[in-house]
Amino acid sequence: MHEGRNQGGKLVVVMVGLPGRGKSYMARKVARYLNWINYATRVFNIGNYRRKLLGADHHADFFNPNNPLGQKQRMEMAEAAMDDMLKYLDSEGEVAIYDGTNSTLERRLWIQERIAAADGYHLLFIESICDDEAIIERNIIETKLRSPDYRGVTPEEAVEDFRKRIDNYRKNYEALGPADEIFSYVKVIDAGTKLIMNRIHGYLPMKILSFISNLHIVPRPIYLTSHGESMNDLSCRLGGESELTPRGVDFSNALAKFLEKNPETSPSTISLWYSTASSARQTVRPIQSHTRVQWRALRQLEAGAYSHLTLQEFKALHTKEYAMRSANRLWYRYPLGESYVDVITRLEPVIFELERSRNPVVIVAHPEVIRCLYGYFLDLPLLEIPRVKAPLHELIELHMTAYECVETRHCLVPIKNHSSE
Ligand SMILES: *[C@@H]1O[C@H](CO)[C@@H](O)[C@H](O)[C@H]1NC(C)=O
Ligand SMILES: *[C@@H]1O[C@H](CO)[C@@H](O)[C@H](O)[C@H]1NC(C)=O
């Protein structure tokens with residue numbers, strides 16, 4: 001699948017559903033997740049083509065099926081997005097997500113035809129259905145009010161207009177049904193409460209579905225930090241277990257105090273997830289929390305055969321290996337050990353659970369692990385992950401909303417500069 005081309009493996013995911021059902025949100029999240037696990041993925045959002053090529057100020061009337069000009073222009077936008085998508089899949093792209101709002105059988109057949117003519121890529125439809133007014137309302141407020149379509153419009157006007165737009169689409173809407181039995185599809189009902197699947201086969205589609213079923217848009221913070229400074233950090237040793245230094249213990253106490261005072265991390269709500277390494281276990285000791293979970297998946301990048309060496313010894317004794325590591329920090333794998341990409345692979349279940357969690361989560365792990373998790377939330381290209389700044393004694397606070405992830409960094413105990421990378 002991963003390297004497939006031509007009948008082999010590439011996948012087109014098509015979003016189906018009325019406006020305001022979280023389609024674009026899902027599309028963005030799936031793309032970010034797939035890129036993080038190293039599938040080249042891009043979203044082709046027809047609305048963005050419309051905004052880019054026709055300007056942003058389209059109100060409900062434009063979406064009225066009885067407006068012939070609007071309809072013609074929307075078809076042109078759908079074509080433009082389709083052309084670009086096929087070009088992308090013909091080159092580096094492995095997964096493409098087609099995100100538009102024309103949810104008719106005619107559109108689905110058109111997509112199938114275009115794709116079959118191009119290369120016979122796998123096709124997966126994801127329909128988001130939601131009749132829960134509270135979820136729709138929150139969705140509109142969380143996502144649409146900040147859409148460029150509604151710049152300079154009052155929130156009330158925007159909601160009103162958006163509801164009209166939904167009504168316009170409802171006139172032609174055809175949910176996935178008996179006529180779609182030939183397709184691979186999944187219906188996601190009421191934000192993942194219920195899933196209905198048809199002809200779903202293979203590893204990647206299954207993975208996408210289980211990822212989607214964990215998503216929600218309840219805002220909550222996530223806190224990431226490494227353990228306090230340990231003896232191994234002082235000597236820049238690559239691996240192994242060691243106790244905290246006195247400064248590391250200071251950090252552990254400062255972290256506990258910070259979380260206690262911070263209104264968003266009251267002990268009665270936070271979940272504390274930490275690595276099984278002794279430095280992390282010692283760091284979390286004074287922290288009060290609602291739940292505590294030790295994850296082996298949060299352990300440091302395994303330096304394998306070199307884990308007893310300091311960085312200087314590694315550099316001096318294994319010049320060639322050291323050069324390979326410097327040349328490619330992302331893919332370099334220590335003999336009998338791990339690479340950053342290996343760490344990402346084992347962090348997948350952590351990401352699934354983080355997406356699912358509705359409570360604030362505090363993670364105490366190790367710099368490489370923090371970089372990988374941070375890279376996911378900030379949607380960084382994989383190559384940048386090894387370069388993410390993740391100094392000891394700094395707590396990274398991430399606030400996730402439907403549109404973005406906002407970070408704040410708290411330096412809790414100053415750390416002496418040492419050359420550990
Ligand atoms: C929906 O898509 C189909 C097929 O691409 C197209 O013929 C039809 O005009 C579209 N409907 C609207 C309302 O844009
Ligand atoms: C650590 O290094 C940075 C930049 O090299 C410097 O600005 C900072 O003052 C140093 N901190 C300490 C505690 O030495």
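Counting starts at 1 for both ligands and their atoms, in listed order. From a predicted model like this one, the values you see are computed outputs, not experimental measurements.
Listed by chain and number, residues touching ligand 1 at under 4.0 Å (heavy atoms only) are Gln71, Arg74, Met75, Asn102, Thr104, Glu106, Arg107, Trp110, Asn172.
Between His318 and Phe314, the two ring planes are tilted [angle within 30° to 60°].
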Side-chain donor/acceptor pairs under 3.5 Å, residues 197-205, sequence neighbours excluded:
unit_1	atom_1	unit_2	atom_2	d
Asn198	ND2	Glu181	O	3.0
Asn198	ND2	Phe183	O	2.8
Arg199	NE	Glu181	O	2.7
Tyr203	OH	Lys207	NZ	2.7

Review item, side-chain donor-acceptor pairs of residues 152-159, under 3.5 Å, at least two apart:
unit_1	atom_1	unit_2	atom_2	d
Thr154	OG1	Glu157	N	3.2
Thr154	OG1	Glu157	OE1	3.4
Glu157	OE1	Thr154	N	3.3

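Distance check: Arg346 CZ to Asp342 CG gives 8.5 Å after rounding to the nearest 0.5 Å.
Taking 4.0 Å as the cut-off between side-chain N and carboxylate O, Arg299 and Glu241 count as a salt-bridged pair.
Under the rule for a ring pair (Phe, Tyr, Trp, His ring centres under 6.0 Å), Tyr274 has no partner lying at least two apart in sequence or in another chain.
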